[in-house]
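Written out below as structure tokens is the structure these notes cover.
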Amino acid sequence: MQSLLNKKILLGISGGIAAYKTPELARLLIQGGASVQVVMTEAAQQFVTPVTMQALTGNPVYLSQWDSTIPNNMAHIELSRSADAIVIAPASADLMAKISLGLADDLLSTLCLARDCPLLIAPAMNKQMWEHAATQRSAQRLNANGVALLGPASGFQACGEVGMGRMLEPSEIAEQVIAFFQKKSLIGKKVLITAGPTFEAIDPVRGITNHSSGKMGFAIARAALEAGAQVHLIAGPCTLETPLEASGKIIRTNVTSAKEMHTAAMNAADCDVFFAVAAVADWGIAKPSKEKIKRQGKEAPNIEFNANPDILVDVAQTAKTKNGKPHPYCVGFAAESTDLEAHASEKRKRKGIPMVVGNIGPDTFGSDLNELLVVDDAGSKKIAKAEKLQLARQLIQLVAKKI
Ligand code: CTP
């Protein structure tokens, strides 16, 4: 699925070394289905050539407000009227200052002032320039004017310093542009998600866990945030970064065992939608040893298990009926080795929940790709193989229609 299909993006490039990454951004936007029109400042042309951008986008590149090839000679009006969004990457400190004050002395800044479409900018500069009070004031003014700031990130800089001011990677900018165009179907809704594996300790150094990477649950968290929801993500042991943390709309609770995940989920069960994506251990160790169990002179130990609570069932049992629908709306996941549809339907009935999503394919753990089978009261429906984030976006829109 191309998430930017039929979108026209005006890609502005200002002067900064990060401009060497902008051709890759153009390529990713085009791959997403967008048509891309490039406008460059004079300084940008010191870092990347108009020929490169023209070859990649298949469109002429505009460099001046005095371009006589535009029929009415008003490039700033013509170009901004035909765009669904203006994306500037990199946005230099100078350009940020200029557009935050409404100055318009070249084609790109004039376009920004004359636009009637959203403006998204990806700042890129040396950390001292980013931290300077004047740049921070520019950023605040831009925020107040409704301009979306994508980044910057922190890390190694071209000047050899390390700190805040790096342009986001092209893939992250492209993802944020896609996110910007997502339907805001969960505004005002609270979404609770369990994700990743659990770990049941045998002793202080050993334990029982599973192959869940957490990627699907984290992708659902991101897609829910993109749709405008407030998200509480309860994560088992995994190293994934919290999605869109800077949005301030996500709470993450890290847990280890199934019992801890159960407690955290029950404390947060007052929500609109619950996605139980975690691969929860069905059994915990009855008496974990406080000390490491030594091998020497010992037989293989007999480990006694006891059943863990079913988080999904317990949250579903707190559900009330609101406008004729269960509240929270609970979505379970099923990874099966055989008869996916039959097992998913059985699980839906047994757990008393309205929707179960089955993972199709044996390679789902750890992979970035997946294929889903959604089973609800209307029957079953496949969501074709795609990246987990794309699947999550489709699933969020499906669930949003249900609540
Ligand atoms: N689940 C849960 N708490 C548990 C076990 C499972 O919340 N203790 C949730 C999972 O997050 C998933 C769904 O229940 O959404 C199905 O999990 P699965 O392990 O497939 O189901 P089980 O009930 O354990 O059934 P079985 O192992 O027999 O397939």
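We count ligands from 1, going down the list as the structure has it; atoms in each ligand are counted the same way.
- Side-chain contact between Tyr62 and Leu111 is absent, with no heavy atoms from C-beta onward closer than 4.5 Å.
- If you look at Asn308 next to ligand 1, there are no close heavy atoms at all, none under 4.0 Å.
- Taking a cutoff of 4.0 Å between a charged side-chain nitrogen and a carboxylate oxygen, Glu131 and Lys127 do not qualify as a salt bridge.
- Interface atoms of ligand 1 facing Lys347, defined by a heavy-atom separation under 4.0 Å, are 16 (C), 18 (P), 20 (O), 21 (O), 25 (O), 26 (P), 29 (O).
- Listed for the Glu304 side chain is no donor-acceptor partner under 3.5 Å among the backbone atoms of Lys287.
- Nearest to atom 16 (C) of ligand 1 among the protein's heavy atoms is Phe333 O, 3.0 Å.
- Every atom of ligand 1 with a heavy atom of Asp282 under 4.0 Å away is listed here by number and element: 5 (C), 24 (O), 27 (O).
- Nearest heavy atom pair, residue Lys21 against residue Glu169, reads NZ-OE2, 3.0 Å.
- Under a 4.0 Å criterion applied to the non-hydrogen atoms of Pro309, ligand 1 contributes the atoms 4 (C), 8 (N).
- Salt-bridge formation is detected for the pair Arg222/Glu172: a Lys NZ or Arg NE/NH1/NH2 atom is positioned less than 4.0 Å from an Asp or Glu carboxylate oxygen.
- Within a 4.0 Å radius of atom 3 (N) of ligand 1, the protein contributes at least one heavy atom.
- Residue-level proximity to ligand 1 for Arg350 is carried by the side chain, the only part with a heavy atom below 4.0 angstrom.
- Among all non-hydrogen protein atoms, the one lying nearest atom 15 (O) of ligand 1 is Ala276 O, 2.5 Å.
- The shortest N or O to N or O distance between Leu312 and ligand 1 is below 3.5 Å.
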